Amino acid sequence: MDTVKQLRDKIAVGQTKSTDAVKAVFDHIEKHESTIGAYISLYKEQALEQAGKIDEKIAAGRPVGPLAGVPIAIKDNMCTTFGATTCGSKILENFHAPYNAHIVEKLNAANAIIIGKCNLDEFAMGSSTENSGLKKTVNPWDTDRVPGGSSGGSAAAVAARLCCGALGSDTGGSIRQPASFCGVVGLKPTYGRVSRYGLVAYGSSLDQIGPLTQDVTDTALLLNTIAGHDQRDSTSVPETMAPVPDYLEQLETPVKGLKIATVPHLNKGADASVQKALQDALEVYKSLGAEIIEIDMPHFDYAISAYYVIATAEASSNLARFDGVHYGYRSQNANDYIEVYSKSRDEAFGQEVKRRIMLGTYALSSGYYDAYYLKALKVRNLIRSDFTKAFEQADCLMMPVSPTTAFKIGEKTDDPLQMYLADIYTIAVNLAGVPGISIPCGFDEKNLPIGLQIISAPFSEDKLLRIARMHEKQTDWHTKKPNI
Amino acid sequence: MAELEYKIIVGLEIHVHLATRTKMFCGCELAYGDMANTHVCPVCLGMPGTLPVMNKQALEFSILTGLALNCQIASFTKWDRKSYYYPDLPKNYQISQYDLPFSEHGYIEIPTEDGGTKKIRILRAHLEEDAGKNIHTLGNFSAVDLNRAGTPLLEIVTEPDMNSPDEVGALARELQRIVRFLGVSEADMQKGHMRFEPNVNLHITRNGEVFKTPISEVKNLNSFRAIERSIAYEVARQLHEFKETGKTLQMGNKSTYGWDDDKQMTVLQREKEEAHDYRYFPDPDLVPVEIDDAWLGEIKARLCELPIQMQQRFTKDYGLSDYDASVLTADRATAEFFNATVKQGADAKRVCNLLTQTGLKLANEKGTTVDQLGITPENLAKLAQMANAGDVSATAATAIFEEMAAAAGNPMQIAEAKNLIQKSDAGEIEALVDAVLAENTEAVQDAKTNPKKAKKAIGFLMGQVIQKSKGRANPKIVSQLMNQKLTS
């Protein structure tokens, strides 16, 4: 399977037909999807119809968009007017949105072809995609293992080449961690860079949509398509304040005098193989003339606690609307309207979603608000200032994405706290709102991929991608494919 | 038991629908009375993935009202989510303002019976979105109409500074007049544009000791009469309850009542205010709002003279009665039209009479305001001057006013064309007087010699002269000549 850029270039000059590319990807899906389980829904007919139109346009010499004819997958928490938008939940299993998410409009405008919607942890809550209420997704590198989460379906689809590239959403690591587990590139952009309109909210102040792709170039290409201001999202940043550059334009230009910060005390918590892969990556950068400095992020250790207060508080409120009254699942056992609420929610939400709703409700309750929610906001500010200080000293931070490689299915499901703690490296990035990327940087002794996390200052995705590309040019990790 | 001495204590929560073009956080038009669920979109339906965007006009209308209520306007304000589950609330949270409302600490001046004013303090005013409506008239099931959901709602909370049902009614009416003057709300009570929730209790003095009765909150009143009557009812009820039980105000024993308009009584809804936990927290989908001096200055420039200030000025400067002044200031169009006419140098009392007796009637018939009748302040001023100078009679002035409204035009031309100019030529009138005196010798006799009948007789003779002139003889000159002739 070509990368997004390779395929788009071939289609644009008529070397490959979009219809053939779409057929090829669906042939591949037919062979492997039953094993991988990346998709909640697929749209073959619609995709072929769209591909046909693109081919006609190109044959007629008419102009087409920058992703013309390329098969793309999106996470199933992004609203589409076609098919259902389930969020991996029974409560929305049959929810058909009457509107497209902003990023769907953007993909359509770029003439990309959305071939399917990917599995996820229910409402994006989880790190393994095991919390999906609708289906099971496995890691293409080892089908006994999880793909990571919550964008596990998107990451597995890209890794198994069941699509050319995909979009996921990242609230506490939900793009970067599955990208790391599946050996693909995953970017969480700066908060406010991509509109959240039509993304079903989990933690509104943390959620951000980003690409999962085969390489850094494709991430730049997809970011070009989805970044930018949207009036419908008050938290999306106007381009007068933060212009959107062409992320491909300078991609091949190395960052001169690159200064990388590492946080030694944090790295010690990772598996030896993960630590070694990080050291190897740093060596690559050193060989390119980069300077490595060691810094402290004094409040990083409090990130998980703060995150599980803020994210769950917001989630408890965001998910209140799923009540069986207006749409979605309604219990057939309710005798009055209070029971419509309680039974519909009890019957349709999964354990993890219930756990987080209860946590968040508790954190916002009177008498606890100051001790939990307000305190967490203060911690968030301190973490933000840790990053600000770091970026005064260095161009970027480098650290692991996850302390481990992909773990076995069922291994951690009985211990949610253990699962939460594994988010240590990714969560602070969401709290600070800064961009972070995971790129492939090696394999462990079980031949499971390891990701390198690079973090940079707000709205410096162009630099972040250039730094990532420097490593990619020197290594071939991104070219490795799982044997499926 | 002897009659108890007591003081009525009332504070108000008021909800005002703002007359913005669109809803608070989406682009749906505001609508009243349309078919259910025809003014809705994914945002006000609270569908997953949708996001609110603040209506700037709603905030500006609110700030304008805050300024008119002498409130301090915050330089930084934000949006909070208030959580509770109810079918008419699609997101199961309401976007509101909690700890940082856009305005606080103001006052409203209300008219008092003696023609003066009283200041009622405003605790705060904040902006929020309204909920929809549950409909229970469909038999076995209930339905939800979300046309109203997301309507911008200004909540104003007063301090408990009102001490009688009349004062509460006066505040309600005054607030209605203010928001209409400002053009921020239609304030149509029947459409539910204004809803009132008084908190009522009594401070009873017995044997030198003050006892406070438990507070009643009366929910959702939407007529001035209901406000006044429900408070009067509560006063009597609380007095009776105190006499029977001696119950006094304890922490948290506020009860909620509804008003039964058929039975004209309050009805207990909830004994104790349930410990509601709304779990307020800042809405992460919206950004805080900074109100800088430049923006505040722009809004301040839209502030107008308030109705009560105008009313006082009209009585003080023009000698109008308080009643006339209140009629003129009932709406902004009338008040400003009056103002503009008087500025042309016309006699204020005359203009007031023309407007209140003829102008408002015509405007009402045509369903418009006096400034839209087609009469310019200049022409109305001319008409007033003509009437004052005796060029036209009061009756003729009314006719001319009506003609001006019907076909526009200059009052003098109309008067001439319709032959309504009064005769003030002494010679011409004298001839008429002489003729009438000659024709009515009996009346002349009575006028001259019979003090009991003189007044009536003179009136009769005057009437005869006016009639002979077809209503055009100037009554002043007729009267002067008549007096001369009868006493000579």
Side-chain angles (χ1 to χ4, degrees), chain A residues 77-79 85 87 91-92 95 97-102 123 192 195-201 203-207 230-237 310 313-314 316-323 325-328 337-338 340-342 345 360-369 373-374 377, chain B residues 24-27 37 40-56 78-96 98-99 131-132 134 136 140-146 149 275-289:
Chain A
N77 59 353
M78 302 171 193
C79 290
T85 299
C87 294
I91 211 158
L92 287 181
F95 172 68
Y99 42 89
N100 279 324
H102 179 77
F123 287 102
S195 168
R196 294 183 293 116
Y197 188 85
L199 170 70
V200 180
S204 310
S205 74
L206 303 153
D207 296 341
D230 173 19
Q231 281 189 336
R232 296 169 299 182
D233 176 1
S234 306
T235 64
S236 93
V237 172
I310 293 168
E314 293 178 2
S316 72
S317 164
N318 287 331
L319 271 62
R321 69 190 69 194
F322 305 116
D323 60 5
V325 172
H326 298 98
Y327 49 81
Y337 84 92
I338 298 289
V340 170
Y341 293 148
S342 58
R345 289 165 71 80
T361 304
Y362 183 79
L364 290 175
S365 296
S366 88
Y368 298 101
Y369 182 89
Y373 185 75
L374 213 57
L377 289 189
Chain B
M24 188 63 234
F25 295 110
C26 67
N37 299 313
V40 292
C41 73
V43 176
C44 60
L45 290 175
M47 300 199 92
T50 61
L51 297 168
V53 177
M54 183 189 80
N55 180 340
K56 197 176 168 194
K78 67 175 174 70
W79 303 100
D80 299 287
R81 292 183 181 178
K82 178 183 181 178
S83 293
Y84 63 94
Y85 280 79
Y86 208 58
D88 68 6
L89 191 66
K91 304 186 292 291
N92 287 319
Y93 63 80
Q94 176 192 30
I95 305 175
S96 181
Y98 182 50
D99 54 341
N134 291 341
H136 302 293
N140 227 356
F141 58 93
S142 291
V144 185
D145 176 9
L146 294 174
H276 261 303
D277 187 351
Y278 290 118
R279 302 192 304 279
Y280 282 102
F281 80 107
D283 191 332
D285 287 334
L286 288 158
V287 287
V289 186

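Within every chain, numbering begins at 1; the chains are lettered A, B, ... in the order of the sequence lines, protein sequences first and strands thereafter. All of these numbers come straight from a predicted model, not from anything done at the bench.
With respect to chain B, the highest number of heavy-atom pairs below 4.5 Å among A:V325, A:L319, A:N318 belongs to A:N318. Note: A:R321 leads A:R232, A:H326, A:R321, A:Q231 in heavy-atom pairs under 4.5 Å with chain B. Chosen from A:Y99, A:F95, A:Y337, the residue pairing most often with chain B at heavy-atom distances under 4.5 Å is A:Y99. Between chain B and the options A:G198, A:S205, A:G367, the largest number of non-hydrogen pairs under 4.5 Å is found for A:G198.
Both the backbone and the side chain of A:Y197 come within contact range of chain B, with heavy atoms under 4.5 Å apart. Of the atoms belonging to B:Y86, heavy atoms from both backbone and side chain fall under 4.5 Å from chain A. With a 4.5 angstrom heavy-atom cutoff, A:A97 does not touch chain B via any of its atoms. Heavy-atom distances place the side chain of B:Y93, and not its backbone, under 4.5 Å from chain A. Residue contact with chain B, scored on non-hydrogen atoms closer than 4.5 Å, involves the backbone and the side chain of A:T361 alike.
Here A:F123 contributes atom CZ and A:I91 contributes atom CD1; the two are 6.5 Å apart, rounded to the nearest 0.5 Å.
Annotation: salt bridge (Lys or Arg N to Asp or Glu O under 4.0 Å) contacts of A:R196 (sequence neighbours excluded): A:D233, B:D285.
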Between B:W79 and B:M54, does the side chain to side chain contact (heavy atoms under 4.5 Å, CB included) criterion hold? Intermediate values first, please. CA-CA 10 Å; B:W79 303 100; B:M54 183 189 80; 3.5 Å; yes

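Taking the six-membered ring wherever Trp is involved, the centroid distance between the rings of B:F281 and A:Y369 does not fall below 6.0 Å.
For B:G46 against B:K91, the heavy-atom pair with the smallest separation is CA-CG, 3.7 Å.
In summary, B:K82 and B:D80 do not engage in a salt bridge, as defined by a charged side-chain N under 4.0 Å from a carboxylate O.
Residues B:S83 and B:N92 have side chains that never bring a donor and an acceptor to within less than 3.5 angstrom of each other.
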